[in-house]
There are 2 protein chains.
Amino acid sequence: MSNSKLYKGSLNTIILKLLDEQGKMYGYEITQKVKALTKGELQITEGALYPALHKLEAEGLLDVEVAKVDNRLRKYYMLTEAGEKETVNRLAELEEFIRSMQNLVNPNWSIN
Amino acid sequence: MSNSKLYKGSLNTIILKLLDEQGKMYGYEITQKVKALTKGELQITEGALYPALHKLEAEGLLDVEVAKVDNRLRKYYMLTEAGEKETVNRLAELEEFIRSMQNLVNPNWSIN
DNA sequence: CCTTATGCATAATAAACTTAGGTATATATT
DNA sequence: AATATATACCTAAGTTTATTATGCATAAGG
């Protein structure tokens, strides 16, 4: 990703969260979605994304569906049942992490 | 640190922030402070902390002051002038990161 | 024709961490 | 007396996770 080294570890959770929201997405779409949602601040590199997707698939959290659109290959990824359960856990963990970080960095912030 | 792989990249900033607040701290104190502030959620491992401190020192952001308390060695670290300036930058970057993450993970949160 | 965008992927490298080990003193427990 | 726990420093080896660089291929715009 672009913005320094802060994002390590959270990429998988971000992917799971997006797939949970969107139903199914393909790799390139994920990079663009994250870029848009963060106004260009987070740029997922392909060298990080595709290995991450493959790993999540190997772990049984994602299913793949290949499609051909405009003569171009697309691999749609979607959550398996196990993936949906895991998404809940990882999101909770990430949210807790964010709260901890906030508390360390800026205890004046309050979250609603 | 203990809680998974989420904290990567933010350790240096956390150290700088704490030293900015506390004036001077020694290594063990930092681990305990972070543990306390996060109610045990973030546990900085020594294998991460000491190399980080030495690197920050090598970068000219920290100064060291050795003291002997109760027959035990303590190395107090404190920000240099360059360290104070850098702390401002890194904190701003980390806060921006936290906002981005929040926006991705839970857009319903508002920050005050 | 060449660049930009779309779409996939991997290999080499670098950074940041965990795990495991080491040294040493002080205090509390069995 | 022996052992565990807490304090206090440190490093080496290995893992994870990312970046950078590269490759293949199609489509659209200049």
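Here is how names work: the chains are called A, B, and so on, in the same order as the sequence lines, proteins then strands, and each is numbered from 1.
E95(A) places no side-chain N or O within donor-acceptor distance of the main-chain N or O of A92(A), the cut-off being under 3.5 Å. The backbone N or O of V105(A) sits less than 3.5 Å from a side-chain atom of K17(B), completing a donor-acceptor pair. No side-chain donor-acceptor contact under 3.5 Å links T31(A) to the backbone of I44(A).
The phosphate of dT17(D) has OP1 or OP2 within less than 4.0 Å of a side-chain N or O from K55(A). Between Y50(B) and dC9(D) there is a side-chain N or O to OP1 or OP2 distance below 4.0 Å.
Salt bridge status for E65(B) with K24(B): present, with a side-chain N to carboxylate O gap under 4.0 Å.
Among the heavy atoms of the strands lying under 4.0 Å from G47(A) is at least one base atom, whether or not backbone atoms are also near. Using a 4.0 Å heavy-atom criterion, one finds that E29(B) contacts no nucleic acid atom at all.
Under the 4.5 Å side-chain criterion, counting only non-hydrogen atoms from C-beta, L16(B) is not in contact with L91(B). Counting heavy atoms from C-beta on, the side chains of E93(A) and T13(A) never come closer than 4.5 Å. Inter-residue side-chain proximity for R90(A) and L61(A) is flagged as met; some heavy-atom pair is nearer than 4.5 Å.
For the segment residues 57-73 of chain A, residues with any heavy atom less than 4.0 angstrom from an atom of DNA chain D are, sorted by number, D70(A), N71(A), R72(A).
In this entry the distance linking CG of L11(B) with P of dT16(D) reads 20 Å, nearest Å. Whole-Å rounding puts the I14(B) CD1 to dC17(C) C1' distance at 13 Å. If you take CZ of R74(B) and C1' of dA6(D), they are 13 Å apart, rounded to a whole angstrom. The interatomic distance linking M25(A) (CE) with dC8(C) (P) rounds to 11 Å, in whole Å. Straight-line distance from the CD1 atom of I44(B) to the C1' atom of dT7(D): 17 Å, rounded to whole Å. Straight-line distance from the NZ atom of K35(B) to the C1' atom of dA6(D): 10 Å, rounded to whole Å. The OH atom of Y26(A) sits 11 Å away from the C1' atom of dA5(C) (whole-angstrom rounding). Taking atom CD on Q43(B) and atom P on dT19(C), their separation rounds to 11 Å, with Å as the unit.
Heavy-atom distances to DNA chain C give each of L49(B) and H54(A) a nearest nucleotide, and the one nearer the 5′ end belongs to H54(A). Remark on DNA chain C: of its neighbouring residues A52(B) and E46(B), the 5'-side contact belongs to A52(B), judged by nearest-heavy-atom nucleotide.
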